[in-house]
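A short write-up of the structure that comes next.
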Number of protein chains: 2
Amino acid sequence: MAGLSDRKQKILQAVVTDYIQTAEPVGSRSISRRYKLDLSAATIRNEMSDLEELGFLTQPHTSAGRIPSQQGYRFYVDALMGPPSLTRQEEVYLANVFTQLQKMREIDQIVQQTAKVLSVLTSYTSLVLGPQFRHSAFKQMRLLPLDEEKALVVLITSAGHIKHRVINLPQALSSQELSQIVSYLNEQLAGQTIENISATRLRQLRSDLYARIDLLSQLLQLLEESSTDGEGRVFLGGTSNILNQPEFKDVEKVKHLLTLFEEGSRLSFVLETSSEGVSIRIGTENVITEMSDCSLITATYQLYNRPVGAIGVLGPTRMEYSRVITIIEHIASHLNFVVRDL
Amino acid sequence: MAGLSDRKQKILQAVVTDYIQTAEPVGSRSISRRYKLDLSAATIRNEMSDLEELGFLTQPHTSAGRIPSQQGYRFYVDALMGPPSLTRQEEVYLANVFTQLQKMREIDQIVQQTAKVLSVLTSYTSLVLGPQFRHSAFKQMRLLPLDEEKALVVLITSAGHIKHRVINLPQALSSQELSQIVSYLNEQLAGQTIENISATRLRQLRSDLYARIDLLSQLLQLLEESSTDGEGRVFLGGTSNILNQPEFKDVEKVKHLLTLFEEGSRLSFVLETSSEGVSIRIGTENVITEMSDCSLITATYQLYNRPVGAIGVLGPTRMEYSRVITIIEHIASHLNFVVRDL
DNA sequence: ACTTAGCACTCTCTGTTTATGAGTGCTAAA
DNA sequence: TTTAGCACTCATAAACAGAGAGTGCTAAGT
């Protein structure tokens, strides 16, 4: 991938920019008209022909304008893309959103609102993965007796996650025994991350307390489920936005994406495995085949310097990369604060 | 709306049945062929012409077959529809689902799974409104100190709803004072439904405890939010199913529905206001204009003989009413058990 | 050695025409 | 009252022509 001549880069940039705006194949004449490159259409034609040879552009058919190829987009985001910038309006909007988010107390609400904002601002579809329970450390477990038969068990992690569940109390248990069991568990598990409380460890605890197996297994089940509940932690925003994209005017294409949107586990997998910081995956760079006509831009957010969740924007490969990246960066970095103050 | 002659009813039924299956305007000949009414096409034509005059059928254009009008569907579901029935396969599937649902402990999980099942079985889009917090009665409020500054407050209703929130403790408060405040609140609020704990009542409490206003308002905020958090309690299933319906092959039509699906509060409103038992709303009988090409079948489910939530199926007016109603009834009645045992 | 103007050629898109076929409404006979 | 027959209507699909945008190539200009 030797260096492209300066002129070729300028032309490639013009093609990508134009195509992002218009969604129409862009011809040599419109470039020489709209962008002040001081070159005739014929020259540009020659260069475009070269760029196609090199794999940066494609032609839908012989006598049409050019469209950026996946490789073309890649080069664009890596080297050509304009500097990130927000309009004054967008900045104001974001500032408002941030103060609003700051006030919310429920994590679900925050995540959902974030998804919505992200989609409204970008006009694409947004994905937000809430903070992952299983990455945070076990802090303590509490038992709140409700009546003779039932108690509420509350699981608290160091990251402030809280999960509760009603369990049935074995009749024969004194309240003293109860608190013994709980404090034993607290001792054993304190400080470990939820995902590291492995099955073997749980098995061992089970044998330690085999006399109280009925109660214990209810408590442990809560833990176990917490470490594996990947499903359903992803919130979407602006799913209908994809319908505004001309590349999805065909219902068949939409269907695949829509169906994908219903598969929470696959979505959360994509976000979980996205690398730290901002990542841009164009077309088939996405592992998910349904996304091979799309680009996905993601960013992670941190809690105590560990990535605990991610946000993303999904649009056609013909996406306003620069704008989206800026917005995503802003929101992700703000999310760091929101999550910490929770 | 005088009685339709027996023959007219049979023909109307044939048209509706046929159209539900094929989605094509149905002509007089295909009826005389496919349904053994022992009438010639010409006779059927005359009858159909009458039925159109009466408003039960419409013609997309002069020389096309007939399509049931909204009134036609209404008559069909009120008087003509075949008896509800499930295939053996569906029954088995339902039985499996039920045992699965029975095992789940998290209400969100149950609701989501119900939505999924409902959409898979019907091939339409499903809406499920989770049990409403605000209809159940206040039972008790507990405070779990976490550390010096923070405590977890847990709100428990008689229906078993549980909600928690971390609040900041005013430093100056002894644990004794704390428990006094909490038990005072418990006394004052016990037994009232969340939605009836009105603003005036809350104001009164506020003045009673004005010395501890900072703590109190945090506690009361939790209550207040609980009584008004209509938003977001609706889960959808099979949203992509609408794309399989030929009436939605046009992207524009889909867009309106898709956008509606993102407006949780409007959806929950529809479900909340649906009457007890099974209700069928056809076309413009739906208040929501986006649904005017659709039919919505809903059913409520109960807890202690009070409706606390609802499930629904949304499809084109050309919907398999009989089948969907049966399925919805089964699932709703089963949900009664699941919710009670929670 | 580039760059550019000119030109023939290609291919899509749009509008028009034409043919086909399903289905109707009406009339007249059974 | 039912039915057979027939002319008529309208949507849909196929075939076709013309326009327009854009290309590639060639030859002339710098």
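A, B, ... follow the sequence lines: proteins, then strands. Residue 1 opens every chain.
- Side-chain atoms of A:Q112 do not come within 3.5 Å of backbone N or O of A:F235 as any donor-acceptor pair.
- Sorted by first and then second residue, the pairs that involve residues 20-41 of chain B and meet salt bridge (Lys or Arg N to Asp or Glu O under 4.0 Å), not counting sequence neighbours, are B:D18-B:R34.
- Across the protein-nucleic acid pair, A:I11 atom CD1 and D:dT23 atom P stand 12 Å apart, rounded to whole Å.
- If you take CG on B:L260 and NZ on B:K255, they are separated by 15.0 Å, rounding to the nearest 0.5 Å.
- Side chain of B:Y124 to main chain of B:E320: a donor-acceptor pair is present (N/O by atom type, distance under 3.5 Å, no hydrogens or angles).
- Counting only heavy atoms from C-beta on, A:T43 has its side chain closest to C:dT3 among C:dT3, D:dG24, D:dT3.
- Each side-chain hydrogen bond (donor to acceptor under 3.5 Å, both in side chains) pair with one or both residues in residues 53-65 of chain A, not counting sequence neighbours, would appear here, but there are none.
- Straight-line distance from the CG atom of B:D50 to the P atom of C:dC26: 12 Å, rounded to whole Å.
- Contacts of B:L54 classified as side chain to side chain contact (heavy atoms under 4.5 Å, CB included), with partners at least two apart in sequence or in another chain: B:L4, B:K8, B:F56.
- To the nearest 0.5 angstrom, A:L257 atom CG is 6.0 Å from A:L314 atom CG.
- Look at CD on A:E53: it is 15 Å from C1' on D:dT23, rounded to the nearest Å.
- Taking side-chain N and O atoms only, A:R66 has no distance below 4.0 Å to OP1 or OP2 of D:dG22.
- In the set D:dT23, C:dT24, C:dC11, the nucleotide with an atom closest to the side chain of A:R45 is D:dT23.
- A:H61 places its NE2 atom 13 Å from the P atom of D:dA21, with the value rounded to the nearest Å.
- Between B:S322 and B:P84, the closest heavy-atom pair is OG-CA, 3.8 Å.
- Near-neighbour residues of DNA chain D inside residues 26-39 of chain A, defined by a heavy atom below 4.0 Å, number-ordered: A:G27, A:S28.
- No donor-acceptor pair closer than 3.5 Å links the side chain of A:Q13 to the backbone N or O of A:K10.
- For the pair B:E24 CD and C:dA22 C1', the computed distance is 11 Å after rounding to whole Å.
- Remark: the backbone N or O of B:I11 is not paired with any side-chain donor or acceptor of B:E47 at under 3.5 angstrom.
- When rounded to the nearest whole Å, the span between CG of B:N46 and P of C:dC26 equals 9 Å.
- As rounded to whole Å, 10 Å separates atom P of D:dT23 from atom CD of A:E52.
- Using five terminal pairs a side, the axes of the helix from C:dA1-D:dT30 to C:dA30-D:dT1 at its two ends make an angle of 20°, given in steps of 10 degrees.
- Heavy atoms only, all atoms of each residue included: B:T125 and B:T239 are closest at OG1-CA, 3.8 Å.
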N/O contacts under 3.5 Å, protein versus nucleotides 7-9 of chain D?
{"from": "D:dT9", "atom 1": "O2", "to": "B:S63", "atom 2": "OG", "distance (Å)": "2.5"}

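- For the pair A:I67 CD1 and D:dT23 C1', the interatomic distance rounds to 15 Å; values are reported in whole Å.
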